[in-house]
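Shown next, in C-alpha coordinates, is the structure this report addresses.
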Amino acid sequence: MLLSFSRRALLLLAVLLAPAASAQQPPPLRIAAAADLATCIDRLNAASGTGASATIGASGSFYAQIKNGAPYDVFLSADTAYPRALADAGLADPASLFVYAHGRLALWAATPGVQVDKGLRLLADPAIRRIAIANPEVAPYGKAARAALQRAGLWEQVRAKLVFGENIAQAMQFVESGNAQVGLVSSAHLAGRQASWLLPADAYPPIEQGAILTRRGSANPQAMAYLRFLRSDQGRAQLADCGFTLPAGRE
(Lines give C-alpha, C1' and ligand atoms only; values in the text may rest on other atoms or scores of the structure.)
Protein backbone atom coordinates (compact mmCIF):
# COMPACT_ATOMS: atom_id res chain seq x y z
CA MET A 1 0.00 0.00 0.00
CA LEU A 2 1.28 3.42 -0.89
CA LEU A 3 1.89 5.80 2.04
CA SER A 4 0.18 9.13 2.02
CA PHE A 5 2.34 12.22 1.57
CA SER A 6 1.77 13.32 5.18
CA ARG A 7 2.81 9.90 6.60
CA ARG A 8 5.94 9.84 4.43
CA ALA A 9 6.80 13.33 5.66
CA LEU A 10 6.41 12.27 9.29
CA LEU A 11 8.62 9.20 8.78
CA LEU A 12 11.28 11.32 7.09
CA LEU A 13 11.18 13.82 9.98
CA ALA A 14 11.60 11.00 12.54
CA VAL A 15 14.63 9.64 10.68
CA LEU A 16 16.20 13.09 10.51
CA LEU A 17 15.63 13.78 14.23
CA ALA A 18 16.83 10.39 15.53
CA PRO A 19 20.60 11.07 15.24
CA ALA A 20 20.14 14.48 16.87
CA ALA A 21 18.34 12.94 19.86
CA SER A 22 21.06 10.29 20.19
CA ALA A 23 23.79 12.91 20.03
CA GLN A 24 22.22 14.73 22.99
CA GLN A 25 22.74 11.73 25.30
CA PRO A 26 25.49 12.57 27.81
CA PRO A 27 28.52 10.27 27.64
CA PRO A 28 28.69 7.64 30.42
CA LEU A 29 30.64 8.72 33.48
CA ARG A 30 33.19 6.22 34.75
CA ILE A 31 34.82 6.58 38.17
CA ALA A 32 38.01 4.85 39.35
CA ALA A 33 37.47 4.74 43.12
CA ALA A 34 39.90 3.88 45.92
CA ALA A 35 39.01 0.69 47.77
CA ASP A 36 38.21 2.48 51.03
CA LEU A 37 35.18 3.96 49.21
CA ALA A 38 33.70 0.48 48.68
CA THR A 39 30.92 0.96 51.23
CA CYS A 40 30.22 4.54 50.17
CA ILE A 41 30.61 4.91 46.41
CA ASP A 42 27.12 3.74 45.40
CA ARG A 43 25.60 6.27 47.78
CA LEU A 44 27.84 9.03 46.43
CA ASN A 45 27.08 8.17 42.81
CA ALA A 46 23.33 8.13 43.39
CA ALA A 47 23.36 11.43 45.28
CA SER A 48 25.49 13.10 42.59
CA GLY A 49 22.72 12.71 40.02
CA THR A 50 25.29 12.15 37.28
CA GLY A 51 24.58 8.51 36.45
CA ALA A 52 28.16 7.61 37.40
CA SER A 53 29.35 4.01 37.62
CA ALA A 54 32.44 3.06 39.59
CA THR A 55 35.16 0.45 39.69
CA ILE A 56 36.82 -0.20 43.06
CA GLY A 57 40.53 -0.97 43.40
CA ALA A 58 43.94 -0.02 44.72
CA SER A 59 44.92 3.56 43.91
CA GLY A 60 48.35 2.54 42.64
CA SER A 61 46.78 0.03 40.26
CA PHE A 62 44.40 2.68 38.90
CA TYR A 63 47.31 5.04 38.38
CA ALA A 64 49.01 2.43 36.19
CA GLN A 65 45.78 1.64 34.33
CA ILE A 66 44.96 5.28 33.53
CA LYS A 67 48.55 5.84 32.46
CA ASN A 68 48.04 3.00 30.01
CA GLY A 69 44.81 4.41 28.61
CA ALA A 70 42.05 2.98 30.84
CA PRO A 71 38.84 4.96 30.07
CA TYR A 72 38.07 6.60 33.42
CA ASP A 73 36.74 10.17 33.72
CA VAL A 74 37.29 10.77 37.43
CA PHE A 75 39.97 9.29 39.68
CA LEU A 76 39.24 9.17 43.43
CA SER A 77 42.57 8.14 44.90
CA ALA A 78 43.40 7.34 48.53
CA ASP A 79 46.72 9.16 47.99
CA THR A 80 47.05 12.54 46.26
CA ALA A 81 50.47 11.48 44.94
CA TYR A 82 48.89 9.31 42.24
CA PRO A 83 46.55 11.91 40.67
CA ARG A 84 49.33 14.50 40.94
CA ALA A 85 51.64 12.17 39.01
CA LEU A 86 48.97 11.79 36.30
CA ALA A 87 48.68 15.57 36.07
CA ASP A 88 52.47 15.91 35.81
CA ALA A 89 52.38 13.42 32.93
CA GLY A 90 49.72 15.44 31.10
CA LEU A 91 47.09 12.74 31.66
CA ALA A 92 44.84 14.69 34.05
CA ASP A 93 43.78 18.29 34.71
CA PRO A 94 46.02 19.70 37.49
CA ALA A 95 43.55 22.53 38.21
CA SER A 96 40.86 20.01 39.14
CA LEU A 97 42.89 18.22 41.85
CA PHE A 98 41.65 18.63 45.42
CA VAL A 99 41.64 16.71 48.71
CA TYR A 100 38.15 15.34 49.30
CA ALA A 101 38.78 13.37 52.51
CA HIS A 102 41.36 12.13 54.99
CA GLY A 103 41.62 8.40 55.69
CA ARG A 104 42.29 6.82 59.11
CA LEU A 105 43.76 3.45 60.02
CA ALA A 106 42.15 1.19 62.61
CA LEU A 107 43.16 -2.12 64.16
CA TRP A 108 40.21 -4.46 63.83
CA ALA A 109 39.22 -8.03 64.74
CA ALA A 110 36.05 -9.71 63.50
CA THR A 111 35.82 -12.24 66.33
CA PRO A 112 35.10 -11.41 69.99
CA GLY A 113 37.86 -11.80 72.56
CA VAL A 114 40.72 -10.29 70.57
CA GLN A 115 41.93 -7.34 72.66
CA VAL A 116 42.47 -4.74 69.97
CA ASP A 117 42.39 -2.02 72.63
CA LYS A 118 45.97 -3.07 73.44
CA GLY A 119 46.93 -1.26 70.26
CA LEU A 120 49.83 -2.25 68.03
CA ARG A 121 51.66 -4.12 70.81
CA LEU A 122 48.94 -6.77 70.47
CA LEU A 123 50.48 -7.75 67.13
CA ALA A 124 53.65 -9.07 68.81
CA ASP A 125 51.59 -11.53 70.88
CA PRO A 126 52.39 -15.13 69.78
CA ALA A 127 48.64 -15.86 69.84
CA ILE A 128 48.26 -13.48 66.85
CA ARG A 129 49.44 -15.52 63.88
CA ARG A 130 47.98 -13.64 60.87
CA ILE A 131 47.71 -9.87 60.39
CA ALA A 132 46.06 -8.43 57.27
CA ILE A 133 47.20 -5.21 55.64
CA ALA A 134 46.85 -3.86 52.10
CA ASN A 135 49.77 -4.24 49.69
CA PRO A 136 52.11 -1.34 50.54
CA GLU A 137 53.44 -1.29 46.97
CA VAL A 138 50.14 -0.13 45.42
CA ALA A 139 47.70 0.69 48.23
CA PRO A 140 47.98 3.91 50.32
CA TYR A 141 46.56 2.17 53.40
CA GLY A 142 49.21 -0.51 53.02
CA LYS A 143 51.90 2.18 52.94
CA ALA A 144 50.39 3.78 56.03
CA ALA A 145 50.21 0.42 57.84
CA ARG A 146 53.84 -0.31 57.04
CA ALA A 147 54.85 3.16 58.26
CA ALA A 148 52.91 2.69 61.51
CA LEU A 149 54.55 -0.68 62.17
CA GLN A 150 57.99 0.73 61.38
CA ARG A 151 57.47 3.73 63.70
CA ALA A 152 56.37 1.34 66.45
CA GLY A 153 59.49 -0.80 65.86
CA LEU A 154 57.35 -3.82 64.98
CA TRP A 155 57.79 -4.20 61.21
CA GLU A 156 60.53 -6.83 61.26
CA GLN A 157 59.04 -8.56 64.32
CA VAL A 158 55.62 -9.16 62.72
CA ARG A 159 56.61 -9.35 59.05
CA ALA A 160 56.26 -13.14 58.85
CA LYS A 161 52.67 -12.85 60.12
CA LEU A 162 51.52 -10.37 57.48
CA VAL A 163 49.05 -11.32 54.76
CA PHE A 164 48.64 -8.76 51.99
CA GLY A 165 45.37 -7.79 50.33
CA GLU A 166 45.50 -6.33 46.86
CA ASN A 167 43.73 -3.33 48.39
CA ILE A 168 42.25 -2.28 51.73
CA ALA A 169 38.86 -3.86 50.93
CA GLN A 170 40.51 -7.25 50.41
CA ALA A 171 42.51 -6.88 53.65
CA MET A 172 39.16 -6.31 55.35
CA GLN A 173 37.80 -9.50 53.75
CA PHE A 174 40.76 -11.51 55.09
CA VAL A 175 39.76 -10.54 58.64
CA GLU A 176 36.05 -11.14 58.03
CA SER A 177 36.72 -14.61 56.58
CA GLY A 178 39.05 -15.65 59.42
CA ASN A 179 42.13 -15.81 57.20
CA ALA A 180 43.64 -13.21 59.52
CA GLN A 181 42.86 -12.65 63.21
CA VAL A 182 43.34 -8.90 63.00
CA GLY A 183 43.91 -6.28 60.34
CA LEU A 184 45.01 -2.71 59.89
CA VAL A 185 42.09 -1.41 57.84
CA SER A 186 40.24 1.77 56.92
CA SER A 187 38.09 3.18 59.71
CA ALA A 188 35.52 4.07 57.02
CA HIS A 189 34.83 0.34 56.66
CA LEU A 190 34.05 -0.07 60.33
CA ALA A 191 30.94 2.06 60.85
CA GLY A 192 28.69 0.20 63.25
CA ARG A 193 31.23 -2.56 63.92
CA GLN A 194 32.75 -3.49 67.28
CA ALA A 195 36.27 -4.44 68.34
CA SER A 196 38.29 -1.74 66.65
CA TRP A 197 41.04 0.59 67.84
CA LEU A 198 41.76 3.80 65.99
CA LEU A 199 45.48 4.44 65.53
CA PRO A 200 46.67 7.91 66.61
CA ALA A 201 46.80 10.28 63.64
CA ASP A 202 50.54 10.85 64.17
CA ALA A 203 51.34 7.11 64.02
CA TYR A 204 51.74 7.26 60.21
CA PRO A 205 51.92 9.89 57.43
CA PRO A 206 48.55 11.55 56.63
CA ILE A 207 46.32 9.68 54.20
CA GLU A 208 45.21 12.55 51.95
CA GLN A 209 42.66 11.42 49.40
CA GLY A 210 42.64 13.27 46.09
CA ALA A 211 40.05 13.67 43.32
CA ILE A 212 40.96 14.66 39.77
CA LEU A 213 39.54 14.83 36.25
CA THR A 214 41.45 12.65 33.85
CA ARG A 215 42.22 13.95 30.37
CA ARG A 216 39.17 12.03 29.12
CA GLY A 217 37.01 13.44 31.95
CA SER A 218 38.02 17.04 31.20
CA ALA A 219 35.74 16.88 28.15
CA ASN A 220 32.82 15.34 30.05
CA PRO A 221 30.43 17.86 31.72
CA GLN A 222 29.11 15.11 34.00
CA ALA A 223 32.61 14.49 35.34
CA MET A 224 33.00 18.17 36.21
CA ALA A 225 29.56 18.08 37.86
CA TYR A 226 30.66 15.08 39.93
CA LEU A 227 33.64 16.93 41.38
CA ARG A 228 31.44 19.95 42.16
CA PHE A 229 29.13 17.57 44.01
CA LEU A 230 31.99 16.19 46.13
CA ARG A 231 32.85 19.75 47.20
CA SER A 232 29.23 20.62 47.98
CA ASP A 233 27.63 20.49 51.42
CA GLN A 234 25.65 17.44 50.29
CA GLY A 235 28.72 15.59 49.05
CA ARG A 236 30.74 16.37 52.16
CA ALA A 237 27.86 15.23 54.36
CA GLN A 238 27.75 11.91 52.50
CA LEU A 239 31.51 11.43 52.97
CA ALA A 240 31.25 12.27 56.68
CA ASP A 241 28.39 9.77 57.07
CA CYS A 242 30.66 7.15 55.50
CA GLY A 243 33.22 7.69 58.27
CA PHE A 244 35.73 9.93 56.53
CA THR A 245 37.41 12.93 58.10
CA LEU A 246 36.91 16.02 55.94
CA PRO A 247 39.50 18.67 55.05
CA ALA A 248 38.84 22.11 56.53
CA GLY A 249 38.77 23.77 53.10
CA ARG A 250 37.25 22.70 49.82
CA GLU A 251 40.23 23.31 47.55
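All figures in this text were calculated on a predicted structure; none of them were measured in a lab.
Contact between Ala110 and Glu176 at its shortest, heavy atoms only, is CB-CA, 4.2 Å. Scanning both residues, Ser186 and Leu190, for their nearest heavy atoms gives O-CG, 3.8 Å. Heavy-atom minimum distance, Pro221 versus Ala219: CD-O, 3.6 Å. Ala134 approaches Phe164 most closely through the heavy-atom pair O-CD2, 4.0 Å. What you find for Ala92 and Ile212 is that their closest heavy atoms are CB-CD1, 3.6 Å. Ala223 approaches Gly217 most closely through the heavy-atom pair CB-O, 3.5 Å.
Hydrophobic clustering places Met172 together with Ile41 (ILVMFWY residues linked when any side-chain heavy atoms are closer than 4.5 Å, directly or through intermediates). Linking Ile, Leu, Val, Met, Phe, Trp and Tyr residues whenever their side-chain heavy atoms come within less than 4.5 Å places Leu29 and Met224 in a single cluster. Placement of Tyr204 and Val158 within a single hydrophobic cluster is found when ILVMFWY residues are connected by side-chain heavy-atom separations under 4.5 Å, directly or transitively. Under the 4.5 Å side-chain heavy-atom criterion for grouping Ile, Leu, Val, Met, Phe, Trp and Tyr, Leu154 is connected to Ile133 within one hydrophobic cluster. Residues Phe174 and Leu162 do not share a hydrophobic cluster, defined by chaining ILVMFWY side chains whose heavy atoms lie under 4.5 Å apart.
Here the CG atom belonging to Leu239 is positioned 11.0 Å from the OG1 atom belonging to Thr245, to the nearest 0.5 angstrom. Considering CZ of Arg121 and CG of Leu123, their distance stands at 11.0 Å, rounded to 0.5 Å. Annotation: the span from Ile131 atom CD1 to Leu149 atom CG amounts to 7.0 Å, rounded to 0.5 Å. Between Arg146 atom CZ and Arg159 atom CZ the span is 8.5 Å, to the nearest 0.5 Å. To the nearest 0.5 Å, the span separating OG on Ser59 from NZ on Lys143 amounts to 9.0 Å. Between the OG1 atom of Thr55 and the CZ atom of Arg30 there is a distance of 5.5 Å, given to the nearest 0.5 Å.
No donor-acceptor pair under 3.5 Å is formed between the side chain of Arg215 and the backbone N or O of Ala87. Side-chain atoms of Gln181 come within 3.5 Å of backbone atoms of Ala127 as a donor-acceptor pair (strictly under, hydrogens ignored). When atom types are taken as modelled, the side chain of Thr50 and the backbone of Gln222 share no donor-acceptor pair closer than 3.5 angstrom. In terms of modelled atom types and a separation under 3.5 Å, the side chain of Ser61 and the main chain of Gly57 share no donor-acceptor contact. With hydrogens and angles ignored, the 3.5 Å screen pairs a side-chain donor or acceptor of Lys161 with a backbone N or O of Ile128. Remark: side-chain polar atoms of Arg104 are paired, donor with acceptor, to backbone N or O of Leu199 under 3.5 angstrom. Of the possible donor and acceptor atoms, none in the side chain of Arg129 sits under 3.5 Å from a partner among the backbone N and O of Pro126.
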Practice task
Applying side-chain contact (heavy atoms from CB on, under 4.5 Å), run through Phe244 and Asp36 and close with a yes or a no.
Solution key: CA-CA 10 Å; Phe244 289 99; Asp36 68 340; 3.2 Å; yes
Exercise for the section: Dump the intermediate steps for side-chain contact (heavy atoms from CB on, under 4.5 Å) on Lys67 and Leu91, then the final yes or no. Expected result: CA-CA 7 Å; Lys67 201 173 177 183; Leu91 299 172; 3.9 Å; yes
Handout entry: Step-by-step side-chain contact (heavy atoms from CB on, under 4.5 Å) determination, Asn45 to Ser53
Key = CA-CA 7 Å; Asn45 289 348; Ser53 63; 5.6 Å; no
Practice task
Check the pair Val138 / Tyr63 against side-chain contact (heavy atoms from CB on, under 4.5 Å), numbers first and verdict last.
Solution key: CA-CA 9 Å; Val138 295; Tyr63 163 73; over 6 Å; no
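In this structure, Leu44 and Ile31 have side chains that are not in contact, with every pair of non-hydrogen atoms separated by 4.5 Å or more. For the pair Asn135/Asn167, no side-chain contact is recorded, criterion being any heavy-atom separation below 4.5 Å from C-beta on. Side-chain atoms of Ile207 and His102, non-hydrogen and from C-beta on, never get closer than 4.5 Å to each other. Here the side chains of Pro247 and Arg236 are in contact, with some heavy-atom distance below 4.5 Å. At least one side-chain heavy atom of Leu76 sits under 4.5 Å from a side-chain heavy atom of Tyr226. Residues Tyr141 and Pro136 are not in side-chain contact: their nearest non-hydrogen atoms beyond the backbone lie 4.5 Å or more apart. Contact annotation: the side chain of Gln65 approaches that of Tyr72 to within less than 4.5 Å [non-hydrogen atoms, C-beta and beyond]. Side-chain atoms of Thr80 and Tyr100, non-hydrogen and from C-beta on, never get closer than 4.5 Å to each other.
Under the 6.0 Å distance and 45° angle rule, Arg231 counts as a cation-pi partner of Phe98.
Ring geometry, Phe62 versus Phe75: the interplanar angle exceeds 60°, so the pair is classed perpendicular (tilted spans 30 to 60°).
The residues Arg216 and Asp73 are annotated as salt-bridged, a charged nitrogen and a carboxylate oxygen being separated by less than 4.0 angstrom. By the 4.0 Å N-to-carboxylate-O rule, Arg84 lies too far from Glu208 to be salt-bridged with it.
Screening Val182, Leu122, Leu105, Leu107 for a side chain to side chain contact (heavy atoms under 4.5 Å, CB included) with Trp197, the sole residue that qualifies is Leu107.
Using modelled atom types and a 3.5 Å distance limit, the side chains of Ser177 and Asn179 yield a donor-acceptor pair.
Heavy-atom contacts from other residues, nucleotides or ligands closer than 6.0 Å to CD of Gln150 number more than 12.
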